[in-house]
There are 2 protein chains.
Amino acid sequence: MLLNPRPDPSPAAHDRVYRGLRTRVMHGEIAPGQALTLRGIGREFGVSMTPAREALRRLVAEGALTLSSSGRVSTPELSDDRIEELAALRALLEVELASRALPRAHIALIDRLTAINAGIADEIARQDAVGYIRRNLEFHRTLYLRAQAPAILAMAETVWLQLGPTMRALYGRLRRQDPPHFHRLIIAALKAGDEPGLRLAVRSDVTQGLRMLTG
Amino acid sequence: MLLNPRPDPSPAAHDRVYRGLRTRVMHGEIAPGQALTLRGIGREFGVSMTPAREALRRLVAEGALTLSSSGRVSTPELSDDRIEELAALRALLEVELASRALPRAHIALIDRLTAINAGIADEIARQDAVGYIRRNLEFHRTLYLRAQAPAILAMAETVWLQLGPTMRALYGRLRRQDPPHFHRLIIAALKAGDEPGLRLAVRSDVTQGLRMLTG
DNA sequence: CCGCGCGATTTGTGATCACACACCCGTCAT
DNA sequence: ATGACGGGTGTGTGATCACAAATCGCGCGG
């Protein structure tokens, strides 16, 4: 029959482990410098060392984790130079993505972005750093999905991944009171169809927070 | 004693396999769509399936290879849309790298670039597509190393990796006669310290070849 | 002559094991 | 008290195996 062409009823074990760890890293749930062991990860996810090793190596390949000379993996502690580079990459990639999304940004998208922005205000009110990061990335991803540029978006997500543990440290340090100002500028530029304004707003939003990390 | 702190006398097996396959893919020595098997790779490098699997998965994570739904890995056949995206990424990243390298580009670097350019002419004369790609990437990498931006360079190399198999198809199709024109423009802009000219020359060089792939 | 189905073979997945090395911590000599 | 040395534990690496699924090829029926 072959109705219901469900691609794979049981997702591969290494993929479950990978996804679980990936979102944890990207949302900043793991502190910089924390060590991860193969047997520990395996025990936590109920698998043997083999899938755990594959998941960890994949994350290392994407820059989400670092591999010490002796093979130990841990979440990275970024130098100031590296943070500056990653911020520059975010600016380059995300400005391009926003620019490509602009002609496709209809009112429904703008409404969703506004709703997510309200959610960010909630997370700020409850002082939830992980929730804040998750919603913030959701805001950006929702916009960039409209760009119809999966390769560029994947590269941007890789940068988020590398910044994940550090971002947690940032948002934990800074005591925010108000929702991000530049998100409102982004929405306004989208409504007005103002491309230069959009580029500037995205660049500012991306650069803003990371500047105080390198201080 | 611990003199000669050689970090690792015997590079790990999975790393040997990874490096071997990576340069092969980046230089376009593997045709698009070609399938790779774990046991085949293992036999070729004299290792078991375990390191071969790690190397392949790492390359998949970097986008150098694609993973079919059934777990088979093969070198990717890129769609026109994806090629356009990757070309745009090359333009974004490499213009930034060149711009950062410019203030650090002394005469010794320009001499080396000129020498590499001469080598490219040799490869063209002998109709060696793989050699041409290797030298061409060497030209760009030599310039970008001066940017002192390892994270951005790594991302650019990832893009090269994804384009590798396709580039081979490109340079095999086009019957080149003369060394790349835009390389001379890049060198001239470096000598003159002309940043806008350099940005334009790099963007043109990167975009030029890939335009005829999407035709 | 072509299309279909079935079986043999190949392939990826994940578990387990042996081994070598790194790391940690207590002990001992200075 | 402090330093180096030592062994025990933990950790990554790579080989091997059992299993399930996919793939390929052959032969049969149309």
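Chain A is the first sequence line, chain B the second, and so forth, proteins listed ahead of strands; every chain is numbered from 1. Reckoned from all heavy atoms, side chains included, excluding hydrogens, waters and symmetry mates.
Across all strands, B:Leu56 comes closer than 4.0 Å to no nucleic acid atom at all (heavy-atom distances). Residue B:Ile41 is classed as having no contact, given no heavy-atom separation below 4.0 Å to the nucleic acid. Backbone-only engagement by B:Thr37 is indicated by non-hydrogen atom pairs under 4.0 Å involving sugar-phosphate atoms exclusively.
Side-chain contact between B:Met155 and A:Val159 is present, with at least one heavy-atom pair separated by less than 4.5 Å. Side-chain contact check for B:Tyr18 versus B:Glu54: every heavy-atom pair is 4.5 Å or farther apart. Counting only heavy atoms from C-beta outward, the side chains of B:Pro180 and B:Gln208 never approach each other to under 4.5 Å. In this structure, A:His140 and A:Asn136 have side chains that are in contact, with non-hydrogen atoms separated by less than 4.5 Å.
Of the listed nucleotides (D:dT13, D:dG14, C:dA15), D:dT13 has the atom at the smallest distance from the side chain of A:Met49. Counting only heavy atoms from C-beta on, B:Arg39 has its side chain closest to C:dT11 among C:dT11, C:dA15, D:dT13. Here C:dG14 is the nucleotide among C:dG14, D:dA15, D:dT13 with the atom lying nearest to any side-chain atom of A:Ala12. When each of C:dT13, D:dT13, C:dA22 is scored by its nearest atom to the side-chain atoms of A:Arg72, the top-ranked nucleotide is C:dA22.
For the residue pair A:His14 and A:Arg58, no side-chain donor N or O sits within less than 3.5 Å of a side-chain acceptor on the partner. Judged purely by distance below 3.5 Å, without hydrogens or angles, the side chains of B:Glu157 and B:Tyr144 never pair a donor atom with an acceptor atom.
At least one side-chain nitrogen or oxygen of A:Ser48 sits closer than 4.0 Å to the OP1 or OP2 atom of C:dA15. Contact annotation: B:Arg57 reaches the phosphate of C:dT13 (side-chain N/O to OP1 or OP2, under 4.0 Å).
Map A:Ser68 and B:Arg53 each onto its nearest nucleotide of DNA chain C; the residue landing nearer the 5' end is B:Arg53. Across the interface with DNA chain D, nearest-nucleotide mapping of A:Thr50 and A:Leu38 shows A:Leu38 to be the residue nearer the 5′ end.
Following rounding to the nearest Å, B:Arg16 (CZ) and D:dT13 (C1') show an atom-to-atom distance of 13 Å. When the P atom of C:dT13 is taken as reference, atom CZ of A:Arg58 falls 11 Å away, rounded to whole Å. Atom CD of B:Glu54 and atom C1' of D:dG12 are 10 Å apart (whole Å).
Helix bend of the helix from C:dC1-D:dG30 to C:dT30-D:dA1: the angle between its two end axes, each built from five pairs, comes to 10° after rounding to 10°.
Heavy-atom contacts from other residues, nucleotides or ligands closer than 6.0 Å to CZ of B:Arg100 number more than 12.
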